[in-house]
Structure formats: structure tokens, C-alpha cells
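Since this is a predicted model, take the numbers as computed values, not measurements. Any value given below was found using the heavy atoms of this structure, including those in side chains, with hydrogens, waters and symmetry copies removed.
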There are 2 protein chains.
Amino acid sequence: MARPRKFDEERALDAAMRVFWERGYEATSTQDLCDATGLGRSSIYNTFQSKHDLFERALAHYLDTMTAAQTAVLDDVERPAADRVRALLTQVVESEAECRIGSGRALGCLGVNTVVELAGRDPAAAAVLQRDTARRLAAYRAVLEQGRRDGSITASRDPEALARFLNATVAGLRVSSQGGADRTELEMIAQTAMDALAP
Amino acid sequence: MARPRKFDEERALDAAMRVFWERGYEATSTQDLCDATGLGRSSIYNTFQSKHDLFERALAHYLDTMTAAQTAVLDDVERPAADRVRALLTQVVESEAECRIGSGRALGCLGVNTVVELAGRDPAAAAVLQRDTARRLAAYRAVLEQGRRDGSITASRDPEALARFLNATVAGLRVSSQGGADRTELEMIAQTAMDALAP
DNA sequence: AAGGTATTGGAATAGACAGTACAGAACTGT
DNA sequence: ACAGTTCTGTACTGTCTATTCCAATACCTT
């Protein structure tokens with residue numbers, strides 16, 4: 001029918017996501033997005049409507065990937081639940097150790113970054129984040145309930161509270177990492193957090 | 001010798017701090033700062049040199065106040081250390097419940113917000129934050145050591161690790177609150193975190 | 001090969017941005 | 001009262017912002 005796209009939309013979205021992750025929403029200019037994706041202004045606006053729409057899609061893309069990776073770890077039904085939770089925290093520590101900006105600082109998590117930067121004044125972003133948090137909390141609660149049954153997780157607090165705590169711990173790890181904590185320090189935090197979940 | 005200031009520098013700094021706290025660094029314009037402080041451009045630039053310098057002072061001002069409030073709670077030598085740590089977490093929960101933006105969302109903590117938004121690409125801000133974190137970690141370690149001695153805090157992990165964990169928990173509470181968690185949910189997190197510190 | 005349609009690069013737009021220049025106002029010490 | 005100095009309101013910079021416009025291009029279908 002007509003002239004086809006010269007670029008891969010998925011790749012462009014991924015590149016945009018990375019810039020937003022590194023610099024945040026406000027500090028990322030449309031020029032930055034052009035540079036990172038290799039696209040011209042027209043192509044970007046033609047494909048993604050606006051900077052804000054692109055950001056929403058990039059955020060959703062990030063959350064999907066990262067939450068999928070988390071649930072993959074948590075769903076390994078062979079191991080005791082506590083092991084899986086421990087593996088989740090290790091994954092978080094690992095990803096913080098890997099994903100670093102030019103200066104050596106950690107990138108943190110685009111989800112946490114966006115909660116902090118935008119959730120208060122951007123209802124659309126807040127809604128996307130809310131949905132992801134609900135999904136992750138459900139996954140956490142599920143493992144923790146299994147742990148309560150297989151005896152690897154404490155039964156003295158209900159799984160809902162433990163799930164919220166786990167979620168806060170993940171955020172705390174992310175912020176600590178962005179604040180300059182190194183791998184061993186993050187490891188200490190993860191280990192200590194596990195004590196609260198132990199039977 | 002000459003014309004005196006018509007405004008109180010401390011009050012202006014406080015107003016500027018509040019705007020940065022609510023909107024973040026990038027999203028705050030010099031016009032916003034004029035509106036919030038009630039000052040004209042000239043007065044602001046005359047007194048604070050630049051937006052960035054003003055931000056640094058506002059951040060330092062915030063961290064001083066908030067860390068002072070925390071150490072005040074932690075230094076009450078009469079009570080067992082664990083009680084004081086619990087009081088610290090309650091203070092954090094309380095402040096998150098109080099400080100809310102127009103939409104009802106929590107403000108979080110300007111320190112955490114700045115770690116997330118700027119620490120990776122603003123060495124000056126990163127240095128101010130680093131210093132405050134060190135100071136707070138020292139205060140945490142001190143109480144936790146006292147707790148180890150008075151028996152109210154576990155001796156099975158060293159105070160350094162517990163202090164890092166406590167710091168991460170505070171950040172986690174802040175982010176959870178900005179993410180939409182209400183007071184009782186934050187309370188659950190705080191309670192569960194205390195389990196990791198119990199003997 | 002021709003017509004129709006979507007994509008593309010580049011220039012243009014209007015407004016916001018941080019920061020400055022300057023002239024006059026307001027105060028103090030003499 | 002006056003000189004000296006600092007403050008403050010206004011108007012102004014040049015640069016950057018997100019977004020739009022348009023003409024040229026490239027492709028698919030027929």
C-alpha cells in the first residue's frame with residue numbers, strides 16, 4: 001500500500017526506555033530520544049504521538065520485562081519458597097551491580113524512579129505503576145503463602161504484610177544502590193531482610 | 001551602610017525547599033521559585049547565585065532538619081534501643097502520612113527523591129547526600145550497638161549490616177508511600193522490618 | 001510503469017527556560 | 001540632607017523546549 005518503516009519499533013522503544021531510565025522523564029529531551037533511537041523527529045512523533053505517550057509505553061515495556069523476570073524466579077515450584085525469595089533479592093542486587101551509568105552510579109529501577117519523579121503529578125504514569133505494583137504484590141504474596149505452608153517462611157505475620165515488606169525492601173535496595181552502596185553492602189541488606197521472613 | 005533586605009533569607013530557603021520537594025529539581029522553574037518565595041528574580045539571583053546553588057542549599061537545609069529530627073528520637077538514652085528504632089520508623093510513617101501534595105499523594109523524602117533524580121549526574125548533590133547518609137548510618141549503628149548490649153536488638157548480625165538494612169527500610173517506606181501505600185500498609189512494613197532486628 | 005499512501009528529513013514555530021542588565025527605590029551612616 | 005551602597009522590579013537576552021508543517025522520498029499494489 002505505501003512506504004514501510006525503515007526501523008524496528010520495538011528496538012526504538014527499547015532505546016527510548018534506556019534513556020528515560022538513565023536520565024529520568026524531565027531531563028530527557030526529544031533530541032536525546034532522537035539520538036538514542038537514531039530516528040528523526042518526524043518518525044518519533046509519527047509513531048509515538050508525543051514524548052509523554054512514548055514515555056508511558058517505555059515505562060510499561062520496562063515494567064513488563066522486569067516483573068516477568070521476577071515472577072520467573074518466584075515460580076520455580078521445585079525449591080522451597082524462601083529460596084525463591086532469596087533468589088529474587090539476589091537478582092535485584094545483581095541487576096543493580098550490572099546496570100550502571102557512565103559515571104559508575106547505578107541506574108536503579110525505572111519503576112521506582114518514576115514513582116519518585118512523576119507519580120505525584122502524572123495520573124497516567126501513576127496508574128501504570130499502580131497496576132504493576134499490584135501484580136508484583138500478588139506474586140510476592142503467593143510465594144510467601146507457599147512458604148508459610150512449606151515451613152520456610154514465618155507464619156507469625158500474614159502474607160500480605162510480608163509481601164508489602166518485601167516490596168519495600170526491593171525499593172530500599174534500589175535506592176541504596178543509587179545512593180552509592182556497593183554489592184556487598186546490598187548483600188548485607190538482603191540477608192538481613194530475609195531474617196524478617198524466616199520462621 | 002545600604003538598603004537592607006526586605007525578606008527573611010531563611011524563610012525564602014524554606015519555601016524553595018518545599019517546591020523542590022514537591023516537584024523535584026528539573027520540574028521546578030525559576031518562576032516557580034519566585035512564586036513560592038514571593039521574591040523577584042533579582043532577589044533570588046542576588047542571594048542564591050543560581051537555581052543549582054539554591055537547590056544545593058535547600059537540600060542541605062532539608063537534610064540537616066530531617067536528620068536532626070531522627071537523631072533526636074534515637075538519642076533518648078532512657079528507653080531500650082529497640083524502642084527508639086521503632087520510634088524512628090513511626091516518625092517516618094507519620095511524616096509520610098502528614099506531608100502530602102495537593103492530589104493526596106505523599107511527598108516522600110527530598111533526600112531519597114534527589115538520590116533517585118540527580119545523584120547519578122550531579123556530583124555536588126551526590127556529595128551532600130553521601131555526607132548525610134554517612135551521618136545517618138553512624139547514628140543508626142550507634143543505637144543498634146546499644147541495642148545489642150541492652151539485649152533489645154539481635155546480636156546475630158553486626159550493627160553495620162543492621163544499620164544499612166534500617167536505612168534501606170526507611171527508603172523503602174518512603175517509596176512505598178509515594179507509590180500510594182496508606183498509613184496502615186506502611187505500619188505493616190515497619191512492624192515486619194522490626195522482626196529482622198529483634199533478638 | 002503509474003498512482004496512491006505512508007515515511008522521512010529538515011526547517012519552522014511559539015513558548016518556556018535560566019540567567020542578566022539596568023534604572024530607580026530604599027535604607028544607613030555621616 | 002546627603003552620599004554611598006545595596007536591594008528590587010522590569011525588560012531583556014539567547015538558548016532550548018516540544019511539537020508541527022511540508023516537500024521530497026520510497027515503497028506496495030495494480
Side-chain angles (χ1 to χ4, degrees), chain A residues 1-60 113-114 117-118 121-125, chain B residues 1-60 110 113-114 117-118 121-125 128:
Chain A
M1 292 272 264
R3 180 176 178 179
R5 289 233 167 92
K6 217 162 55 184
F7 64 93
D8 179 0
E9 188 169 324
E10 206 67 20
R11 284 179 95 79
L13 189 62
D14 215 76
M17 180 199 84
R18 235 200 132 69
V19 192
F20 282 128
W21 191 1
E22 280 173 17
R23 307 163 100 89
Y25 177 73
E26 297 286 355
T28 300
S29 70
T30 50
Q31 188 56 55
D32 291 334
L33 293 166
C34 292
D35 295 349
T37 57
L39 305 185
R41 288 178 145 52
S42 304
S43 300
I44 286 193
Y45 277 88
N46 201 28
T47 316
F48 302 106
Q49 280 64 255
S50 70
K51 177 187 169 184
H52 188 268
D53 282 20
L54 173 52
F55 179 75
E56 265 181 64
R57 284 196 52 185
L59 176 61
N113 298 0
T114 306
E117 191 193 354
L118 284 184
R121 60 199 159 85
D122 184 335
Chain B
M1 289 279 262
R3 182 177 176 177
R5 289 226 167 98
K6 215 161 59 183
F7 63 92
D8 179 0
E9 189 169 323
E10 206 66 19
R11 283 179 96 81
L13 188 62
D14 216 77
M17 181 200 84
R18 234 199 133 72
V19 193
F20 282 128
W21 191 1
E22 279 172 17
R23 307 164 103 88
Y25 178 74
E26 297 287 353
T28 300
S29 71
T30 50
Q31 189 56 53
D32 291 334
L33 293 166
C34 290
D35 295 349
T37 57
L39 306 186
R41 284 179 145 48
S42 305
S43 299
I44 285 194
Y45 278 89
N46 200 27
T47 315
F48 302 106
Q49 281 64 254
S50 71
K51 179 187 170 185
H52 188 269
D53 282 21
L54 172 52
F55 178 75
E56 265 182 64
R57 284 195 54 185
L59 176 61
L110 180 59
N113 298 1
T114 306
E117 191 192 356
L118 284 184
R121 60 197 157 88
D122 184 336
V128 173

Extract from the structure each pairing of a protein N or O with an N or O of nucleotides 16-20 of chain C at less than 3.5 Å, listing the distance.
from, atom 1, to, atom 2, distance (Å)
dA18(C), OP1, Thr28(B), O, 3.4
dA18(C), OP1, Thr30(B), N, 3.4
dA18(C), OP1, Lys51(B), NZ, 3.2
dA18(C), OP2, Thr30(B), N, 2.7
dA18(C), OP2, Thr30(B), OG1, 2.7
dG19(C), OP2, Tyr45(B), OH, 3.0
dG19(C), OP2, Lys51(B), N, 3.0
dG19(C), O6, Arg41(B), NE, 2.8

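- Annotation: side chain of Arg41(B) is in contact with side chain of Gln31(B) (closest heavy-atom distance under 4.5 Å).
- Between Phe55(B) and Thr28(B), the closest side-chain pair of non-hydrogen atoms is not below 4.5 Å.
- Looking at heavy atoms from C-beta onward, Asn113(A) lies in side-chain contact with Trp21(A) at the 4.5 angstrom threshold.
- Rounded to whole Å, atom C1' of dA18(D) lies 13 Å from atom CG of Leu54(A).
- Atom pair Asp35(B):CG and dG9(D):C1' shows a separation of 15 Å (rounding to whole Å applied).
- Rounded to whole Å, the distance from CZ on Arg5(A) to P on dT8(C) is 7 Å.
- Here dG9(C) presents its P atom at 11 Å from CD1 of Ile44(A), a figure rounded to the nearest Å.
- Side-chain contact between Phe20(B) and Lys51(B): present, with at least one pair of heavy atoms (C-beta onward) separated by less than 4.5 Å.
- In this structure, CG of Leu39(A) is placed 10 Å from C1' of dT8(C), rounded to the nearest angstrom.
- Distances shorter than 4.0 Å separate some side-chain N or O of Ser43(B) from OP1 or OP2 on dT8(D).
- Residues Tyr25(A) and Asp122(A) form no side-chain contact, since every pair of their non-hydrogen atoms from C-beta on lies 4.5 Å or further apart.
- Side-chain contact between Leu54(B) and Leu33(B) is present, with at least one heavy-atom pair separated by less than 4.5 Å.
- Evaluation of the salt bridge (charged side-chain N to carboxylate O under 4.0 Å, His left out) rule for Arg23(B) yields Asp32(B) as partners, not counting sequence neighbours.
- The distance from atom CG of Asp53(A) to atom P of dA18(D) is 14 Å, rounded to the nearest whole Å.
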At a cut-off of 3.5 Å, list every protein nitrogen or oxygen paired with a nitrogen or oxygen from nucleotides 23-25 of chain C, distance to 0.1 Å.
from, atom 1, to, atom 2, distance (Å)
dA25(C), N3, Arg3(B), NH1, 2.7

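- Contact of the Arg57(B) side chain with the Glu9(B) side chain is registered, since non-hydrogen atoms from C-beta on lie closer than 4.5 Å.
- Heavy atoms from other residues, nucleotides or ligands lying under 6.0 Å from CZ of Arg5(B) number more than 12.
- The CZ-C1' distance, from Phe7(B) to dA26(C), rounds to 15 Å in whole Å.
- Between the CG atom of Asn46(B) and the P atom of dG9(D) there is a distance of 12 Å, given to the nearest Å.
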